[in-house]
Amino acid sequence: MGDLIYAIELLTTGVFTGLMYSMVALGFVLIFKASSVFNYAQGAMTLFAALTVVGLMPHLGLAGSLLATVAVMCVMAVVAERIVFRPLMGASQLTIFMGTVGFASILEGAAQIVWGTKPQGLKLDIPVEPLKFGELLVSRQDLFAAAVAGVFVGALVWFFRNTRTGLALRAIADDPAAAQVVGIKLRRVWAIAWALAGAIAIAAGVLWGNRIGVHFAMSLIALKALPVLIIGGIDSVAGVIVAGMIVGAAEALGEGFIGTYIGGGVQDVMAYIVALLFLMFRPSGLFGQSTILRV
Amino acid sequence: MASGSAPESLAQPAQRGGVFLSTNVIALGAILILAAVAPAVLSEYWLKAILIPTLIFGLAAFGLNMVTGYAGLISMGQAAFMAVGAFAAVIAYGRFGVPIPLALLCGGALSALIGVIVGTPSLRIKGLYLMVATLAAQFIIIWILQRVPWTGTGSFATLNTPPVRIASWNLDTTADRYYLVFSVVLLLTLFGYNLVTSRIGRAWMALRDHDIAASVMGISMLRYKLLAFLMAAFYAGVAGGLVVFCWTGAASVQEYELEISIEILGMIIIGGLGSVLGSYLGAVFILLLPILISFAMQQLTTLIGHSNVSAAVLANAEHIVFGVLVLYFLVKEPHGLARLWKRFASWLDAKRG
């Protein structure tokens, strides 16, 4: 019985964590959909956003600093479009990828010059004692984070489906040339996609910061979200959500049950192992459509 | 030898009546002579901190260029393959007394074997998916190296090499080690150059440009894609062995983290995809630039007398300058430094008549 409760607790923690992965993964999806580019800077953006929130909090309070950071990230989005995408338009995907690596370097440098290199604490005002459901203990912080992540994911889905900009984004993802022909402004949509990715970076930065503190390792969390994309199928939002939960659960269960035998650290690679299995047996992911190539 | 490692030189007429040495040939000769006499004229610091790492990472970058630049398959795990080579080589040499050249081959071979396994998903997937598969390989390989008792274990797993000697040649000075690196790199560069300009290289490029069309024309996807991963991992493995024997003296896991893979990828993108020369130019750019920036910044701060600029600010300012320069060169020449050089060389050739 104890084992079962333990397993269920791990599972819920995992699923909550997984929702946060899904959210970060959506940041990648946004940029990837808008420009078929893997945005290496997403991790740096998360760090940048989290440091900005923490840095402004003593002056403006939580709400104020969040708003200010949104403004900062919007400026960043416009800058990114201006210095990375516009000059590199038409270059190969790898070249643009390298551009985002350069941009990440700039962001990391800037963030740490302005806000310092020390790891920062970021505490949201949430009671530490867990909620009790019968024998089951659930952390309020995890619950809150999962709720925020869930709202974000839902809002993004709604945005993609029901707004003109969302439609424009999908059109550009489908065929950039055709989208421009029908009058979609590529640059504006790109800047919006970057701004949204920035908003996701803020949410991810604050939620993860609350959990593990704000420091350099944050950039790596973004990379952990990548397997989620693969498992979910890159073109499916629902898939990304479910995949996030699967990865989170696999990590927590793996760490809890296997990790004790081989000395921990299972959660560092669990996501990638699951992703590799998917790549071998079902490359299009859970709900993704398999592509058919014509010669 | 004359056509050595300048890849584009063959495409241009080297002779236009009389004895006309193209800029490429002259530059190559000059570099070879300079490289040969370098230990005599350069300080220990230059050899150890700049030349040796540049050559080693250039070799790893050239390997990556085969799979990513020539065959068009992205790989984000090159540093992990270096780690495999480093550990295999040091174990072969240190525990089993395998001679250094063979130990380097052992490192390369084991790494190549793993490279083939990692490369198998490339038969079905491309682009971002392949990127994640190789990213997974990077993390899983490093993770395994940290946990297998064989390698010493621990997140700071480190294996020191015993004193390095080949037969009766003791490599105890930096110059000796430099010569070993130089000769291995020269040998493998020549071999690789012949590989990418041969039938195999053309098959890779055909697969890169359109893999399905190429396979319809009779190029075996299975064979050539896996061969590309094999060669890339082999070069990385040998480079990893060289790191241990000639540079740091130890194989340690945290020197092969993801950032290094990204750096090597950066080398070939900035240097030039599908260019032998570009691999080495990129290595020079990525490794030398931070040193130059750091030097320039220090000069600048002493010049304007801001002795109170903290080291942390300086380090981060270097990050910013580095990022800006990467972007600048990418915008200036999306095809890489090799293309810039090529344009310069042909301009000079035309000017000289």
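Lettering follows sequence order; numbering is per chain, from 1.
The part of I125(B) that comes within reach of chain A is its side chain, from C-beta onward, which places non-hydrogen atoms under 4.5 angstrom from that chain. In this structure, chain A has no heavy atom under 4.5 Å from any part of L130(B). Residue I268(B): no heavy atom, backbone or side chain, is found under 4.5 Å from chain A. Both the backbone and the side chain of I83(A) come within contact range of chain B, judged by heavy atoms closer than 4.5 Å. For I269(B), the part sitting under 4.5 Å from any heavy atom of chain A is the side chain, from C-beta outward, and nothing else. For L273(B), the part sitting under 4.5 Å from any heavy atom of chain A is the side chain, from C-beta outward, and nothing else. Only the side chain of I74(B) comes within contact range of chain A, with heavy atoms under 4.5 Å apart.
Relative orientation of the F62(B) and Y235(B) rings is perpendicular, given thresholds of 30° and 60° on the angle between their planes. Between W194(A) and F103(A), the ring planes lie perpendicular to each other; the angle is over 60°, past the 30° to 60° tilted range.
Listed for the S105(A) side chain is a donor-acceptor partner under 3.5 Å among the backbone atoms of H319(B).
Comparing P121(B), G336(B), G323(B), A315(B) by how many heavy-atom pairs each has under 4.5 Å with chain A, the most go to G323(B).
Residues T95(A) and M98(A) have side chains not in contact (no heavy-atom distance under 4.5 Å, counting atoms from C-beta outward). At a threshold of 4.5 Å between non-hydrogen side-chain atoms, the residues L265(B) and F97(A) count as touching. Side-chain contact between V67(B) and K225(B) is absent, with no heavy-atom pair separated by less than 4.5 Å. Under the 4.5 Å side-chain criterion, counting only non-hydrogen atoms from C-beta, E333(B) is not in contact with Y328(B).
Within residues 132-139 of chain B, the residues approaching chain A closer than 4.5 Å by heavy atoms are, in numerical order, V132(B), A133(B), L135(B), A136(B), F139(B).
Rounding to the nearest 0.5 angstrom, the gap separating the CG atom in L226(A) from the OH atom in Y21(A) is 12.0 Å. Note that the CE atom of M73(A) and the CD1 atom of I200(A) stand 10.5 Å from one another [nearest 0.5 Å].
In this structure, a donor-acceptor pair under 3.5 Å is present between the side chains of E255(B) and S252(B).
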